[in-house]
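See structure below.
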Amino acid sequence: MKTALYPGSFDPITNGHLDIIKRAAVLFDKVYVAVLDNDQKDPLFSTQERVDLISTSIEGLDNVSCSSFKGLLVNYAEACQVNAIIRGLRAVTDFDWEFQLALTNRQLNPKLETVFLMTDAKYSYLSSSLVRQIAAFDGDIGALVPPIVQEALKNRG
Ligand code: PNS
């Protein structure tokens, strides 16, 4: 059985993330989406809210589930017994950081592979921080995030 972990901050999940999840769900038998529970960051949505938004957004994808984790990604990957880490790549500006992350994780656990999926071109500019900014100024985010996230951002005001 081929399994993968898709980790991230997901503050909040966007249609770009969802596209990566759907494509990973075709490649792997089971995909675990994992929200980093990071005390050092000051996220817009709490960890539980982010997990709930993702869980609603992945309804209907039978081989995908969502949870949160604290600490090192490699430790959570081991606990989930996954074969691979999934990361999405947008423009080349993502590459330096992703390369560093992948090599660090390989150093910590050589058996864990990182698999990169290229973003769909229509989401190449999209990020959670841009979505938060647009929403903060009442801009239209309907095409950028799942409906449940649009609602949550509207309520956050
Ligand atoms: O969505 P993001 O913010 O790009 O995700 C980054 C994430 C959560 C994948 C990364 O920060 C992470 O894995 N953090 C857990 C701590 C860890 O394992 N650090 C060592 C590798 S840099």
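Note that the numbering runs from 1 along the sequence shown for the chain.
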For the residue pair [X] and [Y], what are the closest heavy atoms and their distance?
X: Ala152; Y: Leu53; value: CB-CD2, 3.8 Å
X: Ser57; Y: Leu18; value: O-CD1, 3.7 Å
X: Pro146; Y: Asn15; value: N-OD1, 3.2 Å

*Taking it one step at a time, do Val51 and Phe10 satisfy side-chain contact (heavy atoms from CB on, under 4.5 Å)?*
CA-CA 9 Å; Val51 168; Phe10 303 110; over 6 Å; no
*asked:* Do Ile134 and Tyr125 sit in one hydrophobic cluster, given that two such residues count as connected whenever their side-chain heavy atoms are within less than 4.5 Å of each other, even indirectly?
replied: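 Looking at the clustering, Tyr125 is in the same group as Ile134.
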*Is there a path from Val35 to Leu101 through hydrophobic residues (I, L, V, M, F, W, Y) whose side chains come within less than 4.5 Å of each other?*
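No, it is not one cluster - the side chains of Val35 and Leu101 are not joined through contacts under 4.5 Å.
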*Checking side-chain contact (heavy atoms from CB on, under 4.5 Å) for the pair Ser128/His17: CA distance, chi angles, key distance, verdict?*
CA-CA 9 Å; Ser128 297; His17 294 130; 3.4 Å; yes
*Could you give all pairs that pass the ring pair (Phe, Tyr, Trp, His ring centres under 6.0 Å) test and reach residues 130-157, with sequence neighbours left out?*
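Every pair satisfying ring pair (Phe, Tyr, Trp, His ring centres under 6.0 Å) with a residue in residues 130-157: there are none.
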Residue pairs fulfilling salt bridge (charged side-chain N to carboxylate O under 4.0 Å, His left out) with at least one residue in [range], sequence neighbours excluded:
range: residues 11-22; value: Asp11-Arg132, Asp19-Arg23
range: residues 71-88; value: Arg87-Glu98
range: residues 30-46; value: Asp37-Lys70, Asp39-Lys70
range: residues 47-65; value: Glu49-Arg156

Mind checking side chain to side chain donor-acceptor pair (under 3.5 Å) for [X] and listing every partner two or more places apart, or none if nothing turns up?
X: Glu151; answer: none
X: Thr93; answer: none
X: Asp94; answer: Arg90
X: Ser127; answer: Ser129

*Run the side-chain contact (heavy atoms from CB on, under 4.5 Å) check on Leu44 and Leu153 step by step: do they pass?*
CA-CA 9 Å; Leu44 179 64; Leu153 281 164; 3.6 Å; yes
*Could you work out the complete set of other residues in the hydrophobic cluster of Leu89, with links drawn between I, L, V, M, F, W and Y side chains under 4.5 Å apart?*
Phe116, Met118
*Who else is in Ile85's hydrophobic cluster (ILVMFWY, side-chain heavy atoms under 4.5 Å, direct or via others)?*
Leu5, Tyr32, Leu36, Phe69, Leu72, Leu73, Val74, Tyr76, Val82, Leu108, Leu112
Polar side-chain atom of [X] near backbone of [Y] as donor-acceptor pair, under 3.5 Å:
X: Ser55; Y: Cys66; result: no
X: Asn83; Y: Glu113; result: no
X: Thr14; Y: Gly16; result: yes
X: Asp29; Y: Lys2; result: yes

Separation between [atom1] of [X] and [atom2] of [Y], rounded to the nearest 0.5 Å:
X: Ile86; Y: Thr114; atom1: CD1; atom2: OG1; value: 9.0 Å
X: Ile20; Y: Leu117; atom1: CD1; atom2: CG; value: 5.0 Å
X: Asn109; Y: Asn75; atom1: CG; atom2: CG; value: 9.0 Å
X: Ile21; Y: Ile13; atom1: CD1; atom2: CD1; value: 4.0 Å
X: Asp120; Y: Lys122; atom1: CG; atom2: NZ; value: 4.0 Å
X: Ile58; Y: Tyr6; atom1: CD1; atom2: OH; value: 12.0 Å

*Determine, step by step, whether Phe28 and Asn63 satisfy the side-chain contact (heavy atoms from CB on, under 4.5 Å) criterion, reporting the C-alpha distance in whole Å, the side-chain angles of both residues, the deciding distance to 0.1 Å, and the verdict.*
CA-CA 9 Å; Phe28 290 88; Asn63 60 339; 5.9 Å; no
*Listed partners of Phe99 passing ring-ring contact (aromatic ring centres under 6.0 Å, His included), at least two apart*: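 By the ring-ring contact (aromatic ring centres under 6.0 Å, His included) rule, Phe99 matches Phe95.
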_Going by side chain to side chain contact (heavy atoms under 4.5 Å, CB included), Gln150 matches just one of Val131, Val145, Leu144. Which one?_
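The option that passes is Val145.
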